[in-house]
Engineer: 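To start, I am sharing the structure in question, which I have written as structure tokens.
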Amino acid sequence: MSTVTNLASPLLNTYPPQPVTFVKGRGTELWDQTGKRYLDFLSGLAVTSLGHAHPEVAAAVAEQSETLLHVSNLFGTEPGRDVAATLDRLVGGGGGVFFCNSGAEANEAAIKLARKWAGPDRYVVLTAEKSFHGRTLATLHATGQPAKHAPFQPLPAGFRHVPLNDLAALEAAITDDVAAVLIEPILAEGGVLPADAEYLQGVEALCRDRNILFMVDEVQTGLARTGEWFGFQHAGVSPDVVTMAKALGNGVPIGAMWAKADVGAAFQPGDHATTFGGQPLATAAARAVLTVMERDGAPGVANAAGAKLRAGLEALPGVASVRGAGLLLAAELTDKSGPDVAAAALEAGLVVNGLTATAIRLTPPLFVSDEEIQEALGILKGVLA
Ligand SMILES: *Cc1c(COP(=O)(O)O)cnc(C)c1O
């Protein structure tokens, strides 16, 4: 093995043993401390969508670090205002943005906004079974995976889970105490399980009819990953609240919650806050990310590259089916285990994710080249043989 295990480390045991220590990246490529090269078809869990060490993001971060890093949200800064305006336009307009530092925090903001908007007797947020919304106590309860709840009970009250793509079940769950529905357009961590367009349209109609908020968690699907700016746009719906994070800073931590103006107005000064959220380093990175994504047509690029990767995966012996959209794909395997294939691929120089016992997830950078796709498919072919 040329990979190097971490030395007995001062890290707590929250992740499995880390098989590789990476020291450098560029575009789709990574190098470990022995100099071995890898193709990164995971992008740090759909974060580095522009690839590693993107020159324009690097320049923006460097310049901002020499200009202004932090002044608190008691004062305005230019990069934050620019990013908020761009996000509002990309979501569809007519809203405002709250910045934070992660996906879980973006969802926490959405949950608090829903409670403030709906009033004291309506506080329940409905989410999907198998969903993933974060690891804070509230977002853990929003996450529709009971096994993850068990050791941390009691969790904050106010969450119920319904089966995905079952409109009748959702309708039955909308009792008088419900404030909002929160849904991922594709359940990413839960197995890359797409919500049907008709289902999302039905969810929107139900939310309108029952006067509850329609909130989408775009933390993983957002920002061109699925071939549209946001995953909900495939279904032609217009949610009240949209949360995002992962790809927004291309690796610099930043999250954001967008809300329609009339809904967002439920937040008044003092209702919600953050020390670091929206500070200029993170928003300067995000501004560069959005500039590159818009200039280079990231959604269309992701769509085209995704079609090539999907077709190549479907043609591989050992792959039963491929699901997802754009460059958020899962390959269901015929007989091998997802984690085993991910481990063997890593050994062979390809980073993918062992998504489930029977599937792997592929989320390469959006501007992955045809040659890199072919190289990755070649590695997977060998691993699956
Ligand atoms: C990753 C993820 C989160 C949590 O984001 P963190 O930045 O890890 O807190 C929430 N929702 C979805 C859909 C995610 O994929």
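Quick note: residue numbers are just sequence positions, from 1. First listed ligand is number 1; within each ligand, the first listed atom is number 1. Scope of the values below: all heavy atoms of this structure, side chains included, with no hydrogens, waters or symmetry mates.
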Engineer: Can you check atom 8 (O) of ligand 1: any protein non-hydrogen atom closer than 4.0 Å?
Structural biologist: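 Answer no: nothing from the protein, no heavy atom, is under 4.0 Å.
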Engineer: Under 3.5 Å between some N or O of ligand 1 and some N or O of A104?
Structural biologist: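 Yes.
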Engineer: Between H133 and T127, do the side chains contain an N or O donor and an N or O acceptor separated by less than 3.5 Å?
Structural biologist: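 No, because no side-chain N or O of H133 sits under 3.5 Å from a partner of the opposite role on T127.
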Engineer: For atom 11 (N) of ligand 1, find the nearest protein heavy atom and state the residue, atom name and distance (0.1 Å precision).
Structural biologist: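 That would be D217 OD2, 2.8 Å.
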Engineer: Judged by atom type as modelled, is there a donor-acceptor pair below 3.5 Å linking the side chain of E218 to the main-chain atoms of F232?
Structural biologist: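 Yes, because the side chain of E218 sits within donor-acceptor range (under 3.5 Å) of the backbone of F232.
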Engineer: Which of the atoms of ligand 1 are close to S102, meaning less than 4.0 Å from one of its heavy atoms?
Structural biologist: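 The list of qualifying atoms is 7 (O), 9 (O).
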Engineer: Which ligand 1 atoms are under 4.0 Å away from a heavy-atom of N107?
Structural biologist: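 That gives atoms 10 (C), 11 (N) of ligand 1.
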Engineer: To the closest 0.5 Å, what do you measure between NE2 (H234) and OG1 (T226)?
Structural biologist: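 Result: 3.0 Å between the selected atoms.
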Engineer: Step by step, work out the side-chain hydrogen bond (donor to acceptor under 3.5 Å, both in side chains) result for N107 and T139.
Structural biologist: CA-CA 7 Å; N107 287 331; T139 59; over 6 Å; no
Engineer: From the options A142, G103, G231, select the one whose nearest heavy atom is closest to atom 6 (P) of ligand 1.
Structural biologist: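 Looking at heavy atoms only, G103 sits closest to atom 6 (P) of ligand 1.
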Engineer: Run the numbers for me: atoms of ligand 1, each under 4.0 Å from some heavy atom of E184, listed by number.
Structural biologist: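 Within the 4.0 Å cut-off of E184, ligand 1 contributes 13 (C).
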Engineer: For F132, is at least one N or O under 3.5 Å away from an N or O on ligand 1?
Structural biologist: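 The answer is yes, given that F132 and ligand 1 share an N or O pair closer than 3.5 Å.
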Engineer: Give the single entry among Q220, E189, K246 that approaches atom 14 (C) of ligand 1 most closely by any heavy atom.
Structural biologist: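 That would be K246.
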Engineer: Evaluate L50 against E56 for side-chain contact (heavy atoms from CB on, under 4.5 Å), listing each step before the verdict.
Structural biologist: CA-CA 10 Å; L50 297 183; E56 284 163 78; over 6 Å; no
Engineer: Students often mix this up, so state it plainly: with edges at 30° and 60°, are the rings of F22 and Y38 parallel, tilted or perpendicular?
Structural biologist: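 Correct class here is perpendicular.
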Engineer: Hey, what do you get for NE2 (H141) to OG1 (T136), rounding to the nearest 0.5 Å?
Structural biologist: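 One gets 12.0 Å once the value is rounded to the nearest 0.5 Å.
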